[in-house]
Amino acid sequence: MTELSKSGAAVGEPTTASPAPTAFLEVRDLKVHFPTDDGLVKSVDGLSFQLEKGKTLGIVGESGSGKSVTSLGILGLHTAGQYGKRKPQISGEIWLNGTELLSADPDEVRKLRGREMAMIFQDPLSALHPYYTIGAQIVEAYRLHHDVSKKAARRRAVEMLDRVGIPQPDKRVDNYPHEFSGGMRQRAMIAMALVNNPELLIADEPTTALDVTVQAQILDLIRDLQKEFGSAVIIITHDLGVVAELADDILVMYAGRCVERGPAEKVFDEPRHPYTWGLLGSMPRLDREQQERLIPVKGSPPSLINVPSGCAFNPRCPYADVPKDNVTRTVRPELTEVGSRHWAACHMTLEQRERIWTEEIAPKL
Ligand SMILES: Nc1ncnc2c1ncn2[C@@H]1O[C@H](COP(=O)(O)OP(=O)(O)OP(=O)(O)O)[C@@H](O)[C@H]1O
Ligand code: SF4
Ligand SMILES: [Mg+2]
């Protein structure tokens, strides 16, 4: 990931063409705003990142921070017509393997979806049709992009179910979704998402509905499949623990924006944003007593219609009153480099943050 200049385009306006990136996936200044009766909901408000093939990016943030809206945006699913007249306003650039998706023909994006990029949703029942067998759905997903016989596609479906650890796949292929357990449905959805060997896989909270043991198995499975297929993976979660071992890079989202991003080990060991400190403090740790473990980030996320001026984390930040040189509270902090490939958006000086982290936060974690 490298820092990007803002395109400067107003929301809803087409962005001016800028040079195609070299990264496999590059998101530039993505904005997704929803007009509602109460006002404009700025769900994603200027997000930029890069991801290479074979690498995993973890996007972390509380509920409502814009994680799912971001992933649906990458897959081109906000333009699917489900919003009627009130279409979301989308701007920025999303480059996948040299193609800019926001300005591409919707048919082209549809073709890329499933073949080059696929998504694993939080709730498999929302992605699996209740009236068709698991096999029929995997067969359909495969034949949409491959000109093969039903028999050959069925063989492929059985092979994929086997690959994701479904026992007796040649029999279970004819089951309906309700005949599968929650963990098995999640595996079936992974099989369906991977049937076309997509180069980009987005897993949106792939384990939240599952118990801890199955969660660990599903995460191991995603990791193994990534190694095998060499795809780029985005794992979206509100739980930093989920991406601790899985992600190469981490992007922390707050109120529709990135507040910190960088290599996973930097974000864990030398975090430079007070919100990331809060998330780390609320992370369950196996080596701690239960009551010591969970310190939630105090307060609740802001309204995305009236985002606080200046730093959006201001109302909840324990360091909002720390004196800062030459900055007005109403100025929004931009991402600045705090280390190699590591950025954070906070008005405190880097020295202030390093001191607070080392002396006050890290010893308590
Ligand atoms: N179609 C829509 N119209 C209006 N607001 C929307 C729409 N879709 C999403 N939002 C709002 O955008 C914000 C971000 O939603 P999003 O689903 O991306 O959150 P999230 O980070 O995925 O949260 P969670 O962890 O709960 O899944 C929320 O405040 C949500 O209410
Ligand atoms: S800019 Fe101020 S309010 Fe925002 S995170 Fe930094 S210290 Fe906290
Ligand atoms: Mg979500």
Side-chain angles (χ1 to χ4, degrees), residues 1-7 15 17-32 43-61 66-79 90-106 108-121 145 190 193-194 196-206 222-223 225-237 243 246-253 256-258 260-264 267 335 341-343:
M1 294 187 291
T2 50
E3 184 57 348
L4 299 164
S5 65
K6 288 274 167 70
S7 73
T15 43
S18 36
T22 50
F24 175 65
L25 172 71
E26 182 162 328
V27 172
R28 291 178 176 170
D29 199 24
L30 178 68
K31 293 180 183 172
V32 184
S43 300
V44 179
D45 201 27
L47 194 66
S48 302
F49 62 86
Q50 294 181 335
L51 179 61
E52 296 295 350
K53 283 194 72 179
K55 298 284 180 192
T56 299
L57 170 72
I59 300 186
V60 187
K67 306 182 298 295
S68 295
V69 169
T70 301
S71 51
L72 295 174
I74 294 170
L75 286 168
L77 289 172
H78 288 305
T79 47
I90 306 176
S91 69
E93 293 169 33
I94 300 169
W95 290 90
L96 181 75
N97 218 359
T99 305
E100 202 290 298
L101 302 180
L102 288 184
S103 57
D105 182 57
E108 193 183 343
V109 179
R110 200 171 306 130
K111 274 188 209 141
L112 290 176
R113 202 161 51 230
R115 194 184 63 204
E116 284 209 30
M117 50 184 182
M119 182 150 168
I120 303 171
F121 294 89
H145 299 287
I190 294 175
L194 291 175
N196 294 309
N197 292 353
E199 296 188 281
L200 172 66
L201 179 69
I202 304 181
D204 190 353
E205 312 246 11
I222 294 176
R223 185 174 23 210
L225 294 170
Q226 176 185 37
K227 274 199 196 122
E228 189 176 322
F229 296 112
S231 11
V233 174
I234 298 180
I235 294 213
I236 293 178
T237 176
V243 288
L246 222 55
D248 298 291
D249 288 336
I250 290 184
L251 186 157
V252 181
M253 266 188 100
R257 295 174 66 88
C258 169
E260 178 157 7
R261 63 189 164 92
V267 174
L335 286 171
R341 294 177 63 247
H342 185 188
W343 297 269

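None of the values given here were measured: they were computed from a predicted structure.
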Judged by atom type as modelled, is there a donor-acceptor pair below 3.5 Å linking the side chain of [X] to the main-chain atoms of [Y]?
X      : Y      : result
Ser48  : Asp29  : yes
Lys67  : Met253 : no
Glu100 : Ile94  : yes
Glu26  : Gln50  : no
Asp45  : Gly256 : no

I'd like to check the side chain to side chain contact (heavy atoms under 4.5 Å, CB included) partners of Asp248; sequence neighbours left out, ordered by chain and number. Lys55, Thr56

Under the side chain to side chain contact (heavy atoms under 4.5 Å, CB included) test, residues paired with His342 that sit two or more places apart: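 Partners of His342 by the side chain to side chain contact (heavy atoms under 4.5 Å, CB included) criterion, ordered by chain and then number, come out as Glu260, Pro263, Lys266, Val267, Arg272, Val338.
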
Where [X] and [Y] come nearest, the two heavy atoms and their spacing:
X      : Y      : value
Gly92  : Leu102 : O-CD1, 3.3 Å
Ala193 : Ala118 : O-CB, 3.2 Å
Thr99  : Glu108 : CG2-OE2, 3.7 Å
Ile222 : Ile235 : CG2-CD1, 4.3 Å
Ala104 : Val109 : CB-CG2, 3.9 Å
Pro198 : Ser231 : O-CB, 3.4 Å

Evaluation steps, side chain to side chain contact (heavy atoms under 4.5 Å, CB included), between Leu96 and Phe24: CA-CA 6 Å; Leu96 181 75; Phe24 175 65; 3.8 Å; yes

Passes side chain to side chain contact (heavy atoms under 4.5 Å, CB included), Leu77 versus Arg113? Steps please. CA-CA 9 Å; Leu77 289 172; Arg113 202 161 51 230; 3.5 Å; yes

Working to the nearest 0.5 Å, report the span between [atom1] of [X] and [atom2] of [Y].
X      : Y      : atom1 : atom2 : result
Ser71  : Ile120 : OG    : CD1   : 11.5 Å
Ile59  : Leu47  : CD1   : CG    : 6.5 Å
Ile236 : Phe121 : CD1   : CZ    : 10.5 Å
Asp249 : Arg341 : CG    : CZ    : 4.5 Å
Leu25  : Lys53  : CG    : NZ    : 12.0 Å

Do Leu101 and Leu75 pass the side chain to side chain contact (heavy atoms under 4.5 Å, CB included) test, and can you show the C-alpha distance, the side-chain angles, and the key distance before you say yes or no? CA-CA 9 Å; Leu101 302 180; Leu75 286 168; over 6 Å; no

Chi angles and distances behind the side chain to side chain contact (heavy atoms under 4.5 Å, CB included) call for Ile234, Ile74: CA-CA 11 Å; Ile234 298 180; Ile74 294 170; 4.1 Å; yes

Partner of Glu116 by side-chain contact (heavy atoms from CB on, under 4.5 Å), out of Asn97, Asn197, Asn196, Leu200: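 Looking at Asn97, Asn197, Asn196, Leu200, the match for Glu116 under the side-chain contact (heavy atoms from CB on, under 4.5 Å) is Asn97.
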
